[in-house]
Structure formats: C-alpha cells, structure tokens
Undergrad: 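Below you'll find the structure I mean.
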Amino acid sequence: MSDKQDNATAYWKENLKYLLILLSIWFAVSYGAGILFKEALDTIKIGGFPLGFWFAQQGSIYVFVILIFIYVRLMNKLDKKYGYDE
C-alpha cells in the first residue's frame, strides 16, 4: 500500500476508536442512568425531581451535546495529526 493509503487507514481506525468510546459513554449514561440505575438514582433529588428521572429526561441529552463538542475537539486534533486540516 502507498504511504497515503496507510495514513488514511490509520486516520479512520483512530476515528472509529473515538466514535466507539464516545457512543459507549452516551449509551451508559442514557441507558444505565436513565433505566438500569434509575431506582438507585431516584434517592437523590435535583430541583425537586428524582435524579433517575432527570437523567432519563434531560441528562442524557446534555451528555450527548457535551460528547459532540468533545468529538469535534478530538477530530480537529486528529485532522492536524494526519495532515487533513485546512
């Protein structure tokens, strides 16, 4: 393979690694905190609402938005690392 092809393959492998990690975090927060651990989290109140309810309704959305910003930052670094930045 050419050097350019090796570079592109390494870039996409690292990109997929980031995606899997970030989506796993989102899944753990949305499914775990909102469904699996809801009853344990409901013992804690935020603004009068149980924490499990808050995660199911609001928290997973906030975490998803934060993960988007983290992904953008990681991809900007990755683009610079492999020479794809403009």
Side-chain angles (χ1 to χ4, degrees):
M1 272 197 280
S2 70
D3 195 35
K4 196 173 194 179
Q5 182 66 32
D6 290 342
N7 201 28
T9 302
Y11 174 85
W12 281 108
K13 281 184 180 180
E14 202 163 337
N15 181 20
L16 288 175
K17 180 182 80 169
Y18 289 152
L19 280 173
L20 288 174
I21 290 169
L22 294 174
L23 287 175
S24 297
I25 292 169
W26 184 48
F27 176 78
V29 169
S30 62
Y31 187 74
I35 297 171
L36 294 178
F37 305 116
K38 180 188 175 304
E39 292 171 11
L41 292 171
D42 280 347
T43 59
I44 303 168
K45 306 279 187 202
I46 290 185
F49 295 100
L51 186 59
F53 173 80
W54 183 85
F55 265 109
Q57 300 301 314
Q58 306 285 331
S60 62
I61 296 169
Y62 291 146
V63 169
F64 184 66
V65 171
I66 291 167
L67 290 176
I68 290 171
F69 285 107
I70 292 170
Y71 179 71
V72 168
R73 188 164 187 243
L74 288 171
M75 288 309 296
N76 285 336
K77 286 182 179 182
L78 191 64
D79 288 346
K80 286 179 185 174
K81 178 179 176 182
Y82 288 98
Y84 292 120
D85 58 332
E86 297 180 328

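In what follows, every heavy atom counts, from backbone to side chain, and hydrogens, waters and symmetry copies are set aside. For clarity, every value in this text was computed on a predicted model and none was experimentally measured.
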Undergrad: Which value, rounded to the nearest 0.5 Å, describes the distance between N7 atom CG and K81 atom NZ?
TA: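 That separation rounds to 10.0 Å.
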Undergrad: Can you hop from W54 to L36 via hydrophobic side chains spaced under 4.5 Å?
TA: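 Linked, W54 and L36 end up in one cluster.
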Undergrad: To the nearest 0.5 Å, how far apart are CG in L19 and CG in L74?
TA: 10.0 Å
Undergrad: Kindly say whether M75 contributes a backbone atom to a donor-acceptor pair with the side chain of N15 at under 3.5 angstrom?
TA: no
Undergrad: State the CZ-CD1 distance between R73 and I70, to the nearest 0.5 angstrom.
TA: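 Atom-to-atom, R73:CZ and I70:CD1 are 9.0 Å apart.
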Undergrad: Please list, chain by chain and in numerical order, all residues satisfying ring pair (Phe, Tyr, Trp, His ring centres under 6.0 Å) with W12, sequence neighbours excluded.
TA: none
Undergrad: Which one of N76, L22, I66 satisfies the side chain to side chain contact (heavy atoms under 4.5 Å, CB included) criterion with Y71?
TA: L22
Undergrad: Are L16 and Y18 connected into the same hydrophobic cluster when the rule is that any two of I, L, V, M, F, W, Y join if their side-chain heavy atoms are below 4.5 Å apart?
TA: yes
Undergrad: According to a 4.5 Å side-chain heavy-atom criterion applied to Ile, Leu, Val, Met, Phe, Trp and Tyr, with indirect links allowed, do Y62 and F53 form part of one hydrophobic cluster?
TA: no
Undergrad: When hydrophobic residues are tied together by side-chain contacts of less than 4.5 Å, even through go-betweens, does I46 share a cluster with I61?
TA: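 Result: no, two separate clusters.
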Undergrad: If every non-hydrogen atom of P50 is compared with every non-hydrogen atom of D42, which pair is closest and at what distance?
TA: CB-OD1, 3.1 Å
Undergrad: Just say parallel, tilted or perpendicular for the rings of Y84 and Y11, cut-offs at 30° and 60°.
TA: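 The rings of Y84 and Y11 stand perpendicular, inter-plane angle above 60°.
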Undergrad: Shortest non-hydrogen contact from V63 to V29?
TA: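 For V63 versus V29, the nearest heavy atoms are CG2-CG1, 3.7 Å.
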Undergrad: Side-chain contact, heavy-atom cut-off 4.5 Å: Y82 with E14?
TA: yes
Undergrad: Tell me, do L23 and W26 make a side-chain contact under 4.5 Å, heavy atoms counted?
TA: yes
Undergrad: Kindly work out whether a path of hydrophobic side-chain contacts (I/L/V/M/F/W/Y, heavy atoms less than 4.5 Å apart) joins F37 to I25.
TA: yes
Undergrad: Around atom NZ of K45, are there more than 12 heavy atoms from other residues, nucleotides or ligands closer than 6.0 Å?
TA: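 Yes, because the 6.0 Å sphere around NZ of K45 holds more than 12 heavy atoms from other groups.
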